[in-house]
Amino acid sequence: MKTGFGSDNHSGVHPEIFKAMAEVNVGHEPSYGTDEISRRALKIFEKHFGAGSETHFVFNGTAANVLALGSLVQSHHAIFASVFSHLSNDECGAPEKWLGCKIINLPSKDGKIKVSDMQAHLIRKGDQHCSQPHAISVTQPTEYGTLYSIDELKEIAAFAKQNNLLLHMDGTRLYNAAVALGVDLYTLTGAIGIDVLSLGGTKNGLMFGEAIVFFNKELARDFKYRRKQALQLPSKTRFIAAQFERFLGSDLWREIARHSLEMAQLLRGELEGVSGIEITQKTQSNAVFAKIPKAFVSPLREQGFFYVWDELTFEIRLMTTYDTQKEDVLAFANKAKELAKMPTAAKSGDLK
Ligand SMILES: Cc1ncc(COP(=O)(O)O)c(C=O)c1O
């Protein structure tokens, strides 16, 4: 399939990451995270997230979310999350199954949640008939590609502290947020008061592997047992570790994020003002959301695949990644401009 805008999951493995994996593909190493490469990688995590942090690897993002939140809640608890959050919508009920607790879906227009919407749910604190809110999950960047500002995150963290709630961040694409806001990874996480972070790898150029970063070691106390029970203890851990070592031990994470952001801005700029196309969200990371006429979908998909995010409104999501080329963006936008010259009735999909 040619390069498209379907997802940063659709791209391959960044060549530097592949090289790093090949370099550790020699000889024997102890397994289950007891190898030298894992030790080196964990030191790099400490450099980014502080000596008081503790990091563990898992295979995928859903497991990272479930296991991270599992260190915060029990089954009588409730978790606040955006109605658009991945954990509510796209994890097939994994958090509910594994944690047994309730997720309170908060209203949102742009993927972000607000303190005012959580407040009302605290009214039944202590009521034995009601799941007790105990954690908040924020996604940065959000599923809509928007960003919380540092002040917005601080407000949520302060609310969490005042109300004895623990704070989780789904940072599947955190690097894009850090580069867009011009800050380091710690400023967006530990410094704000995040208790546990799901940190992505696969969406950012790795072959597989995600990390869970605890900012409070006490919360990580039984993690190794829970991870094994949840079938997420990698045996040849060196291959996840080597990927993160190259990615976070150099400027590669910044370069990939910078390029993805640039391509998203170019794409947005090219589509803005095209007749029939309405950009629906701020473009603050590597995704562009837009409503397009139904009749554009098939011909545009021939130019570059994308997902229709909302089948009712024909809002689409276009995602850029490390290997998105300027030429791909321009060819896609030119196709959209060409389609925009169609007569109005044809654009609406009424004519064949
Ligand atoms: C915001 C967010 N969180 C978590 C995940 C879960 O990742 P995985 O598909 O590896 O389980 C995804 C995947 O697309 C995601 O976009």
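Side chains included, hydrogens not; waters and symmetry mates left out as well; all remaining heavy atoms used. For ligands, and for the atoms within them, numbers begin at 1 and follow the listed sequence.
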**Request:** State which residues pass salt bridge (charged side-chain N to carboxylate O under 4.0 Å, His left out) with Glu152; sequence neighbours excluded, sorted by chain then number.
**Result:** Lys112
Dump all N/O pairs between ligand 1 and the protein below 3.5 Å as a table: atom names plus distance, one pair per row.
from, atom 1, to, atom 2, distance (Å)
ligand 1, 3 (N), Asp170, OD1, 3.4
ligand 1, 3 (N), Asp170, OD2, 2.6
ligand 1, 3 (N), Thr172, OG1, 3.1
ligand 1, 7 (O), Lys203, NZ, 3.2
ligand 1, 10 (O), Gly61, N, 2.8
ligand 1, 10 (O), Lys203, NZ, 3.3
ligand 1, 11 (O), Gly61, N, 3.4
ligand 1, 11 (O), Thr62, N, 2.8
ligand 1, 11 (O), Thr62, OG1, 2.6
ligand 1, 16 (O), Arg173, NH1, 3.0

**Item:** Residue pair Leu87 / Pro95: nearest heavy atoms and the distance that separates them
**Value:** O-CG, 3.6 Å
**Request:** Using the six-membered ring wherever Trp is involved, compare the ring planes of Phe305 and His10 and label them parallel, tilted or perpendicular (cut-offs 30° and 60°).
**Result:** parallel
**Item:** Which residues share a side-chain contact (heavy atoms from CB on, under 4.5 Å) with Asn163, sequence neighbours left out
**Value:** Leu122, Phe159, Leu165
**Request:** Can you sort out the partners of Ser108 under side-chain contact (heavy atoms from CB on, under 4.5 Å), two or more places apart, ordered by chain and number?
**Result:** Ser82, Val83, Phe84, Asp110
**Asked** So, Ser260 side chain and Ile256 main chain: donor-acceptor pair closer than 3.5 Å or not?
**Response** yes
